[in-house]
Colleague: 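Right, I'll just put the structure down here and ask away after.
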There are 2 protein chains.
Amino acid sequence: MAISFTEENYLKVIHRLSEATSEDISTNAVAELMQTKAASVTDMLRKLAEKGWVNYQKYQGVRLSAEGEKIALSIVRKHRLWEVFLVDKMGFNWDEVHEIAEQLEHIESDQLVNKLDEYLGFPKTDPHGDPIPNKDGVLPELAYSHLSDIKAAKTCKLMGVAQDSAVFLQLLTKLNLSLGAKLDIQEINEFDRSIFVSINDAAPIFISHEVAKNILVKI
Amino acid sequence: MAISFTEENYLKVIHRLSEATSEDISTNAVAELMQTKAASVTDMLRKLAEKGWVNYQKYQGVRLSAEGEKIALSIVRKHRLWEVFLVDKMGFNWDEVHEIAEQLEHIESDQLVNKLDEYLGFPKTDPHGDPIPNKDGVLPELAYSHLSDIKAAKTCKLMGVAQDSAVFLQLLTKLNLSLGAKLDIQEINEFDRSIFVSINDAAPIFISHEVAKNILVKI
DNA sequence: TTTATTTTTTAGGTTAATCTAAAAATTATT
DNA sequence: AATAATTTTTAGATTAACCTAAAAAATAAA
Ligand SMILES: [Mn+2]
Ligand SMILES: [Mn+2]
Ligand SMILES: [Mn+2]
Ligand SMILES: [Mn+2]
């Protein structure tokens, strides 16, 4: 069955919201991420249910069906592989690739995706540390912690970010924070939950709780 | 001003038709290449004229404006660069890339196109021998002849094809005809205009006029 | 130079994806 | 349990891109 870019984007958004919770996804939550109105979402959910890609009962919220999940994962796979391509092969910075990948993720050719995967050396993660589903839609499980959840001074390694926005990524770059960076947590301040941390053995600096929430680390 | 995929495809088609003639382009000609109906074309031409991308007076046919020409060339540039990428980097055959490039040509990022161009080594032609417009929309002039127009036995080199269709390209591959092939024309048969030709010094074979019409050579 | 044929445009509809405003259902608060 | 607030759905429009059928204009043929 033919699928439109818009339908693909809806499935991707429902998938993203579903990763954070086991509850059904609300119309409003979808509307916010899709940057559209709830009324439009209701229309689309009816259509997606019709096509068998989501389970939806009015007023009850929505979940992806098995088939919908498969489609969503294939879009995520394409998005992340293209991001790797843009950074590794085209020389873009990690804060410049998300918007372009939003377009490239809709290119339809299984052959191309698999050749691209091979060309890139079957990467496990994208430039933001997010896992890349394999050909069969299986996501490698990466058990990372949010830097903001760490309770005591210890050493950890920056493995990913929880946000792709350019402003956030540019701030990290300014702080000399990139994938693989070594973080020696010196102190966690109770007052504003800021973290005093040494990055790659440099003199320690303060990182706000807001930033720490969006940094994923391996302990 | 925002442009849709459909509008881009119309401009590309008008551009393609304009290369073959200096006359205005007819509604029907556009309809045929766009695989749509003349009535739909009329609607679109009005809209494109409105946006300043074509000059159009009803019943008089259509031509690209300077701005329309610029847009069309940028799409052609993207199409052909992506085709080079697919063949040179992804390992596709020349008969497999056109459809995928039809999608990729709509990806919007000047930065990406220019980085891709550099990554590919600033190619002058695509995998079918078609010239690639540079950053400023300038097309390298390649003065090739149609094999079918050659009148006497002589030696020439295959430089391009006048058609991107998979069936045609696959036939050429079967005949051992690829870009750069050396053609020693032995004889031109008056009866069916077939050509008896040796390819890369192999035993000569017959090539139909229909095939010869779509082969571009340098003498 | 009429008449016939072909081409192009207009008129009126359809579908996908969106919107605003109003109604209905659900959830939260007295 | 009744009322208030919030969420979600429906109703009715809009826009882009398409369609068919009919009318109008241009071109070709008699
Ligand atoms: Mn991204
Ligand atoms: Mn990413
Ligand atoms: Mn092509
Ligand atoms: Mn080509």
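Note on naming: letters A, B, ... go to the chains in the order of the sequence lines (proteins, then strands), and numbering restarts at 1 for each one.
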Colleague: Check this for me, if you would: do Glu7(B) and Lys51(B) make a salt bridge, where the nitrogen-to-carboxylate-oxygen distance has to be below 4.0 angstrom?
Modeller: yes
Colleague: Ile3(A) CD1 to dA16(C) P: how many Å, rounded?
Modeller: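 My rounded result for the distance is 14 Å.
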Colleague: Tell me which donor-acceptor pairs under 3.5 Å the side chains of residues 134-152 of chain B have, and how far apart each pair is, sequence neighbours excluded?
Modeller:
unit_1    : atom_1 : unit_2    : atom_2 : d
Asn134(B) : OD1    : Asp136(B) : N      : 2.8
Asn134(B) : OD1    : Gly137(B) : N      : 3.1
Asn134(B) : OD1    : Val138(B) : N      : 3.0
His146(B) : ND1    : Lys213(B) : O      : 2.8

Colleague: Reading nucleotides 3-10 of chain C from the 5' end, what letters show protein touch, with B for base, S for backbone sugar-phosphate only, - for no heavy atom under 4.0 Å?
Modeller: ----SBBB
Colleague: What is the separation between atom NZ on Lys51(A) and atom P on dA16(C), rounded to the nearest whole Å?
Modeller: 8 Å
Colleague: Would you please confirm or rule out a distance under 4.0 Å between OP1 or OP2 of dT20(C) and any side-chain N or O of Lys37(A)?
Modeller: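 So the side chain of Lys37(A) is within the cut-off, an N or O lying under 4.0 Å from OP1 or OP2 of dT20(C).
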Colleague: So, do Phe85(A) and Phe85(B) have ring centers that fall under 6.0 Å from each other?
Modeller: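 Yes, close enough.
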Colleague: Using only heavy-atom distances, determine whether the side chains of Gln163(A) and Ser165(A) contain a donor-acceptor pair under 3.5 Å.
Modeller: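 Result is yes, a qualifying pair exists.
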Colleague: For the residue pair Asp192(B) and Ser194(B), confirm or rule out a side-chain donor-acceptor distance under 3.5 Å.
Modeller: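 Looking only at side-chain atoms, Ser194(B) and Asp192(B) do form a donor-acceptor pair, the distance falling under 3.5 Å.
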Colleague: Does Glu102(B) have any salt bridge (charged side-chain N to carboxylate O under 4.0 Å, His left out) partners at least two apart in sequence or in another chain, and if so, which?
Modeller: Lys12(B)
Colleague: By side-chain hydrogen bond (donor to acceptor under 3.5 Å, both in side chains), which residues pair with Arg193(A), not counting sequence neighbours?
Modeller: His209(A)
Colleague: Ignoring backbone atoms, establish whether Thr6(B) has a side-chain N or O less than 4.0 Å from OP1 or OP2 of dA16(D).
Modeller: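 Thr6(B) to dA16(D) OP1/OP2: no side-chain N or O under 4.0 Å.
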Colleague: Just grab all the ring-ring contact (aromatic ring centres under 6.0 Å, His included) pairs involving residues 33-81 of chain B, residues at least two apart or on different chains.
Modeller: His79(B)-His98(B)
Colleague: Roughly, in whole Å, what's the span from CE in Met44(A) to P in dT10(D)?
Modeller: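 The distance from CE of Met44(A) to P of dT10(D) comes to 16 Å, rounded to the nearest Å.
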Colleague: Expected output is a numbered-order residue list: members of residues 8-18 of chain A with a heavy atom under 4.0 Å from any atom of DNA chain C. What is it?
Modeller: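 Going residue by residue through residues 8-18 of chain A, the ones with a heavy atom under 4.0 Å of DNA chain C turn out to be Tyr10(A).
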